[in-house]
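For reference, the structure discussed in these notes is given below.
All figures in this text were calculated on a predicted structure; none of them were measured in a lab.
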Amino acid sequence: MNPFSSGTRLRDMIRSIRACKTAAEERAVVRKECAAIRAAINENDPDYRHRNLAKLMFIHMLGYPTHFGQMECLKLIASAGFPEKRIGYLGLMLLLDERQEVLMLVTNSLKQDLNHSNQYIVGLALCALGNICSAEMARDLAPEVERLLQFRDPNIRKKAALCSIRIIKKVPELAENFINPAASLLKEKHHGVLITGVQLCTDLCKVSPEALEHFRNKCTDPLVKVLKDVVNSPYAPEYDIAGITDPFLHIRLLKLLRVLGEGDADASDSMNDILAQVATKTESNKNAGNAILYQCVETIMSIEDNSGLRVLAINILGRFLSNRDNNIRYVALNMLMKAIAVDAQAVQRHRATILECVKDSDISIRKRALELVYLLVNESNVKPLTKELIDYLEVSDQDFKGDLTAKICSVVERFSPEKIWYIDQMLKVLSEAGNFVKDEVWHGLIVVISNATDLHGYTVRSLYRAFHSSVEQESLVRVAIWCIGEYADLLINNSGMLAGEESLAVSASDAIDVVEIVIKHHTSDLSTKAMALLALLKLSGRFPSHSQRIRDVIVQCKGSLLLELQQRAIEFNSIIEKHQNIRSTLLERMPVLDETTYSGRRAGSLPATVSTSGATPAKIPNGVAKPAAAAPLVDLLDLSSDDTPMPSSSGNDFLNDLLGVDLSSTPSIPGASQAPNLGTDVLLDLLSIGTPAQNSSPTIDSLTPSKESKSPLAALEALPSPLASAKASSPAGSGSMMDLLDGVSPVQPASADKNGQPYPSVVAYESSSLKIMFDFSKPPGNPQTTHIKATFTNKTANTYSDFIFQAAVPKFLQLHLDPASSNTLLGSGTGSITQSLRVTNSQHGKKAIVMRIRIAYKLNNKDVLEEGQINSFPRNL
């Protein structure tokens, strides 16, 4: 006999395929067998049709195409015998799906078989319909399935209920036809029918509000009785699993009760007793019992408030955390994260167990437990929880330190009760995991240190001690050298000693040694070495007697291969060597950094000059993407970072080179006045003393996080009164951007309002591609506050996507931006975007409102940036 003839049995073909040693041999066997089956199909051989289809199904499971045998399924289904129909329906479910057009041909056969006198054939048709039913088939055959829900045989009723679930999912509008038949299934004694009936009711509640209301009003009490009977039922061998009667029915009933009780106090009250009984009587030493308890907890947490039950449910989750099974602990942590929003106090009782889970060997449990601990922290427990987390940080795995460090830093920042505690905890984190700390965290620490004037001495001594044991921790090193550069005199004099603090014997040479170690350390990156150079320059002002040694260290960097270090070394050496007269003023201690304009501020404080119009990062010219919601003020003012090469040095004008300000050219900023080429003294130009308006923004040193510290010459603003008076005497119409940001520009006279309105609309900004209109209003009784409605119009035919508006104002103003109406700006003036702003002028009537703006958007997937300055606000705003 030909081994590949249509008469071969399925097991012979399977043996032939299994005997193949390579994939090529297997493909050859399958190809020959498929050819034999095609030949048999063409000959219309009815004797071996079922055998050929069985072989096709096996070939299909191996992943080979079998579409040529689909019609054979329909022929077998149309046969009269049960064996042929069984193979035909099996092939129909395996070889076809609801997207096949040929499926339409089987609808009539299904309808006949659903009405067949043989219940086994009816069962075959129901199984097939429940697996491949399309929307059209559901509409045609729904009446037959609905009738079969009342069939005499429980197996048929069970299959009809499962088929009904498929129908209502495909055609939800048919749900109302199944409400009453589904309710009648809840009275069944047969557990198989009861489970499918409960599931059908659950799905009906999800797709039909009418069904939900019907079951909630009429079926809650019967369901509670059914669950009570199951819980209290005696031993039944056919349903018993691990000593629990039918845990599958338990879970289905609890899920349906959860759906019915959610949002309905009456239904919740009627099921409280049975839920308490399930929670207390179910054994938890077996997996079946744990599954029931978990579903019971989910039901308790979902229904209307019952504090006693919820405490019981959270205690069950607490027991789960002590289970040895990782899956049980993981789902318990997940549920506790939901429960904390409902009853945080009950969850707090299990804090110790949750902290133990943070130290678990399973990474998934550790991460989930850490997230839960983060939610548990509040003002009352922040100190013990932080101590536990920091203690674990010392021994945690390297892979986990990043997540753990981020959570600790966030917790300390949000809930620190006092600055000294905040500084102490952050120093511990930096000492243990400084390389995992994000930049905004140590930036924020510097801001807090700057504002804690009574702790400067304590902080710099603590950092000096920590430096020698943690020199490899980059973030700690940066904070340490910044503080040594600012407060080295406090370090060597032991100034500001706190009660119980040990004194520290440090000389000026020791402080310089620390900075020199950082510069010469092989692992220090560019930013750290640049900060160290700046700290050395500061130390030359603190310790003039050591200027020569500091200069020797700086000179060594003049030959660096890094352009940034080379340029800084040349400039700083010039300051030490040639400009002794201004060095003390230039290197004065940094002023207190403004926390309100720092993006890494503590939680709860809102930025005054940050746009929240979108979450899409704005592309800054230096190539660094910063989120719009966290863009610091310096970014809005186009103050470039150290990543951008500074202009080359030319001539002997060290101030020009140091700040990177090219006064020979002026920027082309729409809406901003142009400045002529200036040949006056650079120092006076920088302060805009007696000069026309200057719009160039100096290149800013990004090593420190606040706008006041962005340049080595930041202390120039604190010059003696003659300069300040000269600055204040500049012409009214010629105030520079620095003047505007310092708030010294006098109020500009506004033109009369032709429309008779107190605050006319103004064109705030206009370019060839964009127009911005400002409309103003004042809240009653609050003249200092101005509400501005900004309307953005696209003047081109293109569409702008990822549209972001940002703004910056001087220190005497406070600015709040609401989210924009959209982040897509249509072209040709067909659409516009609106955004609301609120400006509070603390110098109302004395100083005018001014604003610096930046608009970022994408045009043809390319980033576009437009900037400008607005000083045309109406008078007396």
Task: E516: partners by salt bridge (charged side-chain N to carboxylate O under 4.0 Å, His left out), with sequence neighbours left out - done: K520, R549
Task: Exam field: side chain S547 to backbone P544, donor-acceptor pair closer than 3.5 Å - done: yes
Open item on the list: Taking side-chain hydrogen bond (donor to acceptor under 3.5 Å, both in side chains) as the cut-off, I'd like each qualifying pair that reaches into residues 401-411, sequence neighbours left out, listed once.
Closed with: Y374-S410
Open item on the list: So T528 and E474, do their side chains get closer than 4.5 Å, heavy atoms only?
Closed with: yes
- [ ] Could you tell me which non-hydrogen atom of E413 sits nearest to which non-hydrogen atom of Y422, and how far apart they are?
- [x] CA-CE1, 3.9 Å
Open item on the list: Run the side chain to side chain contact (heavy atoms under 4.5 Å, CB included) test against K419 and tell me which residues pass, sequence neighbours left out.
Closed with: V448, N451, A452, L455
- [ ] Compare all side-chain heavy atoms of W442 with those of M426 and state whether any distance is below 4.5 angstrom.
- [x] no
- [ ] Please round to the nearest 0.5 Å and tell me the distance separating atom CD of E432 and atom CG of D391.
- [x] 9.5 Å
Open item on the list: Treating S450 as the side-chain partner and I446 as the backbone partner, does any N or O pair qualify as donor plus acceptor under 3.5 Å?
Closed with: no
Open item on the list: Can you give me the closest heavy-atom contact between A807 and L815, atom names plus distance?
Closed with: CB-CD2, 3.6 Å
Task: Value rounded to 0.5 Å, distance of CD1 in I519 from CG in L533 - done: 4.5 Å
Open item on the list: What's the separation between atom CD1 in I512 and atom CD1 in I517, rounded to the nearest 0.5 Å?
Closed with: 12.0 Å
TODO: Report the distance from atom CD of E867 to atom CZ of R854, rounding to the nearest 0.5 Å.
DONE: 4.5 Å
Would you be so kind as to tabulate the donor-acceptor pairs closer than 3.5 Å made by side chains of residues 550-563, with sequence neighbours excluded?
unit_1, atom_1, unit_2, atom_2, d
R551, NE, N573, OD1, 2.8
R551, NH2, E577, OE1, 3.4
D552, OD1, Q548, NE2, 3.0
S560, OG, L562, N, 3.1

- [ ] Name all residues meeting the ring pair (Phe, Tyr, Trp, His ring centres under 6.0 Å) criterion together with Y464; count only those two or more places apart in sequence or in a different chain, and write none if there are none.
- [x] H468
Task: Exam field: side chain T459 to backbone I449, donor-acceptor pair closer than 3.5 Å - done: no
- [ ] Flag the pair V441 / L445 as yes when at least one side-chain heavy-atom distance between them is below 4.5 Å, and no otherwise.
- [x] no
Open item on the list: Under the criterion side chain to side chain contact (heavy atoms under 4.5 Å, CB included), I'd like the reasoning laid out for L430 against Q473: C-alpha separation, chi angles, the key distance, then a yes or no.
Closed with: CA-CA 7 Å; L430 291 176; Q473 304 294 346; 6.0 Å; no
Task: Validation row: R478, D525 side chains within 4.5 angstrom (heavy atoms) - done: yes
Task: V412 side chain near W421 side chain, heavy-atom distance below 4.5 Å - done: yes
TODO: Output the distance between atom CE (M851) and atom CG (L813), rounded to the nearest 0.5 Å.
DONE: 7.5 Å
Task: Backbone N/O of F467 and side chain of S470: donor-acceptor pair under 3.5 Å - done: no
Open item on the list: Nearest 0.5 Å, please: how far is CD1 in I575 from CZ in R583?
Closed with: 9.5 Å
TODO: Please check if the side chain of D863 supplies one atom and the backbone of A856 the other of a donor-acceptor pair under 3.5 Å.
DONE: no
Task: S431 side chain to A466 backbone, donor-acceptor under 3.5 Å - done: no
TODO: Please report the C-alpha distance between H521 and E472 in whole Å, then the side-chain angles of each, then the deciding distance to 0.1 Å, and finally whether the side chain to side chain contact (heavy atoms under 4.5 Å, CB included) criterion is met.
DONE: CA-CA 9 Å; H521 199 270; E472 299 295 335; 3.3 Å; yes
- [ ] Could you tell me whether the side chain of L534 reaches within less than 4.5 Å of the side chain of F572, counting heavy atoms only?
- [x] yes
TODO: Start with the C-alpha gap between L370 and L389, add the side-chain angles, then the distance that decides, and say whether side chain to side chain contact (heavy atoms under 4.5 Å, CB included) holds.
DONE: CA-CA 9 Å; L370 182 60; L389 293 176; 4.2 Å; yes
- [ ] Evaluate the side-chain proximity of T386 to V377: yes if any heavy-atom separation is below 4.5 Å, no if none is.
- [x] no
Extract all donor-acceptor atom pairs below 3.5 Å that involve side chains of residues 483-507 and protein atoms in other chains or at least two apart in sequence.
unit_1, atom_1, unit_2, atom_2, d
E486, OE1, M590, N, 2.8
E486, OE2, K538, NZ, 3.1
Y487, OH, H456, NE2, 3.4
D489, OD1, R589, NH2, 2.7
D489, OD2, R589, NH2, 2.7
N493, ND2, D489, O, 2.9
N494, OD1, L504, N, 3.1
N494, ND2, L504, O, 2.9
E501, OE1, R461, NH2, 3.2
E501, OE1, L498, N, 3.1
E501, OE2, R461, NE, 2.6
E501, OE2, R461, NH2, 3.3
S507, OG, D510, N, 3.2
S507, OG, D510, OD2, 3.1

- [ ] Could you check if a side-chain atom of S509 sits within less than 4.5 angstrom of a side-chain atom of D513, using non-hydrogen atoms only?
- [x] yes
Open item on the list: Tell me the closest heavy-atom pair linking G541 and L587, and the distance in Å.
Closed with: N-CD1, 3.9 Å
Task: Which atom of V471 lies closest to which atom of V477, heavy atoms considered - done: O-CG2, 3.4 Å
